[in-house]
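When a ligand or atom number is given, it counts from 1 through the structure's own listing order.
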Amino acid sequence: MVEGKPVISRGLEGIYIGESAICKVDGTAGKLYYRGYPIEEIAEHSSFEEASYLVLYGRLPTAAELSAYDAALKESRALPKHVIDIIKNMSGKADTMDILRTALSAMSAEDKEVDDSSEAANLRKSARIISATASIVATIGRIMEKKRYVKPNAWLSHAGNLLYMLKGRKPTKEEAKLLDVMMVLHVEHSTNASTFSTMVTGATLSDIYSAIVAGIATLKGPLHGGADRASLRMMYTIGKPENTESYINDALAGKQRIMGFGHRVYKTYDPRAKVMHKYLEQLSSTGTDEVKNLIAIAFSAEKMMIEKLGESKGIWPNVDFFSGPIYVQIGVPIDLFTPVFAASRAPGWCAHMMEYWKDNRLMRPLEYYDGPIGLEYVPIESRK
Ligand code: ACO
């Protein structure tokens with residue numbers, strides 16, 4: 001260490017930025033709790049609507065509370081024309097996450113409460129954001145396939161309606177259930193990169209739309225939410241289960257990262273990936289041939305990676321590794337994986353924002369300056 005140089009925590013690793021009662025991630029035991037409830041229980045028993053209520057309001061809803069929250073979500077499902085036009089204008093030119101970021105940002109133009117920072121208004125805006133995000137994601141997928149915007153269906157669940165607006169037909173019970181579970185598993189995950197981004201923006205007392213848009217921008221990166229697409233692409237490149245061994249060996253020998261493995265906090269199996277594994281085991285007999293092949297590749301890559309890097313380096317499958325085959329089974333196109341992740345995470349982002357605003361403090365870390373000092377200004381005509 002250079003004398004006088006502070007200890008630098010690269011990537012803010014190991015730094016606590018505050019206290020929270022929303023979510024506990026136990027990276028050593030491989031446990032995750034939403035408001036104290038184990039993720040396995042929530043994934044088994046809750047819908048996306050209930051899980052998102054839980055993280056936003058801090059407790060499980062009564063039947064009447066859930067029904068009122070569900071009605072608020074349903075009320076905001078339809079997209080305004082200017083937002084549909086933005087999606088159309090960007091479609092085919094921009095990444096789907098860029099379209100989502102822009103379209104959600106444009107939703108604030110329609111929200112009369114955008115600058116009302118009371119908690120009641122923020123809860124109402126959260127429901128609108130959660131609802132609109134799902135509709136925007138479905139519409140991005142729809143327009144990407146050169147099809148028309150589908151009006152929402154008020155009889156369907158949040159996940160069911162997302163699939164309906166995407167495909168233009170009612171999803172089967174199995175499809176809606178699989179998407180619902182996937183969304184529940186992605187509702188919240190403490191101060192990861194995108195949630196932290198959301199909080200940095202909100203801590204300036206900017207509005208909740210701006211904060212969530214910052215979260216979406218951050219989630220896009222392949223080291224974060226973007227790993228779900230990269231991981232399915234890898235499975236397609238591998239092609240057949242018997243190619244997995246040579247692919248992984250070559251990739252690791254070439255110092256490549258295998259997308260969908262490793263995590264800053266989990267140094268063991270990600271509990272969300274474990275829940276997905278259970279569903280993949282079922283799909284390995286009931287899924288389409290394409291999905292069965294992808295699952296066989298995923299399971300052999302999982303086995304190899306755990307043998308090679310599990311105990312030795314703490315690199316295990318994360319939430320992004322198994323998403324691909326599940327989304328393929330229910331007809332969510334690869335370019336929508338990370339947008340669906342964003343739509344699922346919107347409740348977590350909103351909950352963190354509202355919790356942080358209760359005791360807000362501007363985020364302003366330091367950096368150690370390591371450049372020259374006191375240089376003499378050289379006029380432009382004298383520079384070489
Ligand atoms: N494949 C191969 N090796 C890996 C992987 C991987 N996926 N991840 C980490 N490593 C290795 C690194 O090369 C490094 O090895 P070294 O010590 O020999 O140099 C060691 O493990 C530690 O890696 P770091 O980058 O320091 O670990 P960090 O905690 O910063 O990484 C991260 C976390 C960024 C998620 C990393 O594991 C990674 O790049 N994974 C692939 C991308 C991915 O799946 N991201 C999704 C994460 S979940 C989410 O965001 C929703």
[atom]: the protein heavy-atom neighbour that sits closest, reported with distance to 0.1 Å:
| atom | value |
| --- | --- |
| atom 47 (C) of ligand 1 | Asn318 ND2, 3.5 Å |
| atom 3 (N) of ligand 1 | Ile315 CD1, 3.9 Å |
| atom 15 (O) of ligand 1 | Lys313 NZ, 3.1 Å |
| atom 29 (O) of ligand 1 | Arg264 NE, 3.0 Å |

query: Would the Tyr266 and His189 ring centres measure less than 6.0 Å apart?
result: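 Close enough - the centres of the two rings lie under 6.0 Å apart.
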- request: May I ask you to check if Arg383 and Tyr377 form a cation-pi contact, with NZ or CZ under 6.0 angstrom from the six-membered ring centre and within 45° of the axis?
  value: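 Pair Arg383/Tyr377 counts as cation-pi.
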Would you check the N or O atoms of [X], main chain and side chain alike, for any that come under 3.5 Å of an N or O of ligand 1?
| X | answer |
| --- | --- |
| Met259 | no |
| Arg257 | yes |
| Ala227 | no |

Does the protein place a non-hydrogen atom closer than 4.0 angstrom to [atom]?
| atom | answer |
| --- | --- |
| atom 22 (C) of ligand 1 | no |
| atom 19 (O) of ligand 1 | no |
| atom 44 (O) of ligand 1 | yes |

message: Keeping Lys125 on the side-chain end and Glu113 on the backbone end, is there a donor-acceptor pair under 3.5 Å?
response: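 Between the backbone of Glu113 and the side chain of Lys125 there is a qualifying donor-acceptor contact (under 3.5 Å).
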- prompt: Counting each atom of ligand 1 from 1 as listed, which ones have a heavy atom of Gly260 under 4.0 Å away?
  reply: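 Per the distance check, 43 (C), 44 (O).
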message: Need the ligand 1 atom indices (1-based, order shown) with element for anything under 4.0 Å from a heavy-atom of Val319.
response: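 Taking each heavy atom of Val319 in turn, ligand 1 has 51 (C) under 4.0 Å.
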[X] and ligand 1 - part of the residue with a heavy-atom distance under 4.0 Å:
| X | result |
| --- | --- |
| Asp270 | neither |
| Leu223 | both |
| Lys308 | neither |

message: Given Arg233, which partner from the list Asp335, Asp320, Asp228 fulfils the salt bridge (charged side-chain N to carboxylate O under 4.0 Å, His left out) test?
response: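 In the set Asp335, Asp320, Asp228, the residue that makes a salt bridge (charged side-chain N to carboxylate O under 4.0 Å, His left out) with Arg233 is Asp335.
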Answer with yes or no whether [X] contacts ligand 1, where contact means a heavy atom under 4.0 Å from a ligand atom.
| X | value |
| --- | --- |
| Arg10 | no |
| Asp320 | yes |
| Phe341 | yes |

field: Qualifying ring-ring contact (aromatic ring centres under 6.0 Å, His included) pairs with a residue from residues 64-92, counting only residues at least two apart or across chains
entry: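 Output for this query lists Tyr53-Tyr69.
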task: Just say parallel, tilted or perpendicular for the rings of Trp316 and Tyr269, cut-offs at 30° and 60°.
output: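 Geometry flag for Tyr269 against Trp316: tilted rings.
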Listing, residues 60-68 side-chain donor-acceptor contacts under 3.5 Å, not counting sequence neighbours, or none:
unit_1 : atom_1 : unit_2 : atom_2 : d
Thr62  : OG1    : Glu65  : N      : 3.1
Thr62  : OG1    : Glu65  : OE1    : 3.3
Glu65  : OE1    : Arg59  : NH1    : 2.8
Glu65  : OE1    : Thr62  : N      : 2.8
Glu65  : OE2    : Arg59  : NH1    : 3.3
Glu65  : OE2    : Arg59  : NH2    : 3.0

- prompt: Hey, mind stepping through His352 and Phe196 against ring-ring contact (aromatic ring centres under 6.0 Å, His included) and telling me if it holds?
  reply: CA-CA 9 Å; His352 273 280; Phe196 181 58; over 10 Å; no
task: Among Leu56, Ile208, Ile129, find the one that has a side chain to side chain contact (heavy atoms under 4.5 Å, CB included) with Asn122.
output: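 The passing option is Ile208.
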